[in-house]
**Student:** 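Before anything else, here's the structure in question.
Numbered from 1 within each chain, the chains take letters A, B, ... in sequence-line order. Not measured: the values here are computed from a predicted model.
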Protein chains: 2
Amino acid sequence: MANDIGWELYRSFLGVLREGSLSAAARALGVTQPTVGRHIAALEKSFGLTLFVRSQGGLLPTEAAESLRLHAEEMAKTAAALQRAAANQGTGVRGVVRVTASEVVGVEVLPTILAGLRNDFPELRLELVLSNRPQDLLHREADIAVRMFRPQQTQLVARRIGEIEVGLHAREDYLRRHGCPDQPQQLVDHALIGFDQQTDFIRQAARKLPAGFDRERFVLSADSDLAQLAMIRAGAGIGACQVPLASRDRRLVRVLPEHFSLPMETWVTMHEDLRNSAPCRAAFDALATGLQQYLAPD
Amino acid sequence: MANDIGWELYRSFLGVLREGSLSAAARALGVTQPTVGRHIAALEKSFGLTLFVRSQGGLLPTEAAESLRLHAEEMAKTAAALQRAAANQGTGVRGVVRVTASEVVGVEVLPTILAGLRNDFPELRLELVLSNRPQDLLHREADIAVRMFRPQQTQLVARRIGEIEVGLHAREDYLRRHGCPDQPQQLVDHALIGFDQQTDFIRQAARKLPAGFDRERFVLSADSDLAQLAMIRAGAGIGACQVPLASRDRRLVRVLPEHFSLPMETWVTMHEDLRNSAPCRAAFDALATGLQQYLAPD
DNA sequence: CGTTAGCCATACATAAATGTATGGCTGATC
DNA sequence: GATCAGCCATACATTTATGTATGGCTAACG
């Protein structure tokens, strides 16, 4: 049983996996090609197995190497998390804070809030991770999350912001041309902008939808919420979007407000260890107040 | 933004956190004290914060260092997982397989099975992690788990072994002295060996218990299942243990079998990626057949 | 109060890892 | 088919990291 293996080697290993060649990995890692080559050789010797077959134009990973990839990726993630955690540890509001949110919120709502935050704290840096899949706050894939459900785990500091209402909307001129439905059944005659049944939230919400607004009727469909929003704004038809978002755009009109209304609980969440971190705390507070204002503008 | 930090430094960092001094960490890591000292200094410089206050008799971690501890621990765990994964990748049944199980199963049932396995494959090494808290198979804290519940996650290969029955038992001579109860109410007059209400399984099972066998009646209590078992074997009173375990010991007699019977579903589980790993596969099969035999001896 | 055992810091020597330079190889492009 | 751009492997120089040796310090113990 040889001794433990230097963690640096794993880093080179991951580099080669990602980049596909010693040279490219070396460039990415800021070292030279022979160094990476030696690292891989050392690993292969330690493990007693071939990780890459040297071929022209690069190295291609063996099955064994692929099976180790996830572990290496996780090491990289953890190393990044550690480094960020350290950067946020000092005094003063400086460092990098990673914020995760849905695409729509990230594109439409957060920029204003974060810009204001950056204005108050010039030494603060922000990273946005936009994804509908919740990031793992416990392992610090992100520091702060804007989420549409009550967080389950303890160890998380969570603040409930309120409810974002989702409703059907269309552009004014679209409705003028096609008529504005005042009964759900009339939706059949309209161009409906739909969603793919992906997130848990949608699956739940789908049961509460009024008849007439179901998947088979969709004329335009997109898996991206942003694309749906863009289609609504372009006057392509009737679709669902957040009410406070639509009310910013004077051309957008709400459709069937009594029949179609989905409230989404909104939470801002972070790891409890970050309460004492000045930059995270500042970002957390800014997000909470900013989103509150988004929900209920004065 | 300084460059990324060498992963080796994190290893030294964790070493100092664990050992409490540069010298001790150096011994543990197989390097020298000045080296570790330089690593810590390098980290502190990179982060721009003090991780340890140098005091007589060692370094004591600052709050900042403590907040980074979990990340460092996780890096170590992942590195270990990667190394094990690599060791199991080669051809032939060799390498290290980590098996996790409850304490009772690990002490009473597995040794025979694993000894046989080792006999068949001398190059195979086994690590036992005994804990009632389930280990994380996805992150490979263990390779194979013996569990008392159906695994939730996909990505896991699971085989249902059957049901282990838990019943009340006591030693023959104890019952001869104190009489053998044939009604639950009579338990009141006996020395009951009890458990602390810790695991989920017990909390659920507690509801199904017959009257008379509840926490207030316990004369002897232990948080360790092994200690309870030892007390039953020592003839200290009546307690719960696995039926196939008790039936090995001729002196042990089952008590109130009609009134008290808890079946525990038993599963052997591993990560699906390990299906192609010869050592894991061998261990998985051996555990499955071995446990099956434990449940229903011919 | 001296002695011991533990610790950290420093200076210097040594070993190890990295970088530089080069050659040979392949496939693409003109 | 010649040129070029990309890659890996090797030999050699250099930097970097590590180990060795030592001194100073503090707490515990006789």
**Student:** In this structure, how many angstroms lie between the C1' atom of dC8(D) and the CG atom of Leu59(A), rounded?
**Tutor:** 8 Å
**Student:** Inspect the contact between Arg233(A) and Glu108(A) and indicate whether a charged nitrogen and a carboxylate oxygen are less than 4.0 angstrom apart.
**Tutor:** yes
**Student:** Which whole-number value in Å describes the distance from Leu51(A) CG to dC8(D) P?
**Tutor:** 15 Å
**Student:** Is the closest side-chain donor-acceptor distance between Gln89(B) and Ser67(A) under 3.5 Å?
**Tutor:**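 Yes, a side-chain donor-acceptor pair sits under 3.5 Å.
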**Student:** As a test of understanding, state which of Leu114(B), Leu126(B), Leu274(B) forms a side chain to side chain contact (heavy atoms under 4.5 Å, CB included) with Val97(B).
**Tutor:**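 Output: one option passes, namely Leu126(B).
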**Student:** Before accepting this row, confirm whether a basic side-chain N of the pair Arg159(B)/Asp285(B) lies closer than 4.0 Å to the acidic partner's carboxylate O.
**Tutor:**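 Yes, charged N to carboxylate O under 4.0 Å.
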**Student:** On a heavy-atom basis, which atom in Leu51(B) and which in Glu44(B) lie closest, and how many Å separate them?
**Tutor:** N-OE2, 2.6 Å
**Student:** Is Arg84(A) salt-bridged to Glu127(A), going by a charged N under 4.0 Å from an acidic O?
**Tutor:** no
**Student:** For Ser12(A) versus Val36(A), what's the shortest heavy-atom pair and its separation?
**Tutor:**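 Between these two residues, the closest heavy atoms are CB-CG1, 4.3 Å.
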**Student:** With a 4.0 Å cut-off, would you call Lys77(A) and Glu74(A) a salt bridge?
**Tutor:** no
**Student:** Where along residues 27-41 of chain B does a heavy atom fall under 4.0 Å from DNA chain D?
**Tutor:** Val31(B), Thr32(B), Pro34(B), Thr35(B), Arg38(B), His39(B)
**Student:** Give the residues of residues 6-24 of chain B touching DNA chain D, defined as any heavy atom closer than 4.0 Å, sorted by residue number.
**Tutor:**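 Heavy-atom cutoff 4.0 Å gives no residues at all.
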**Student:** Round to a whole Å and report the spacing from CZ of Arg54(A) to P of dG27(C).
**Tutor:**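 Those two atoms, CZ and P, are 18 Å apart.
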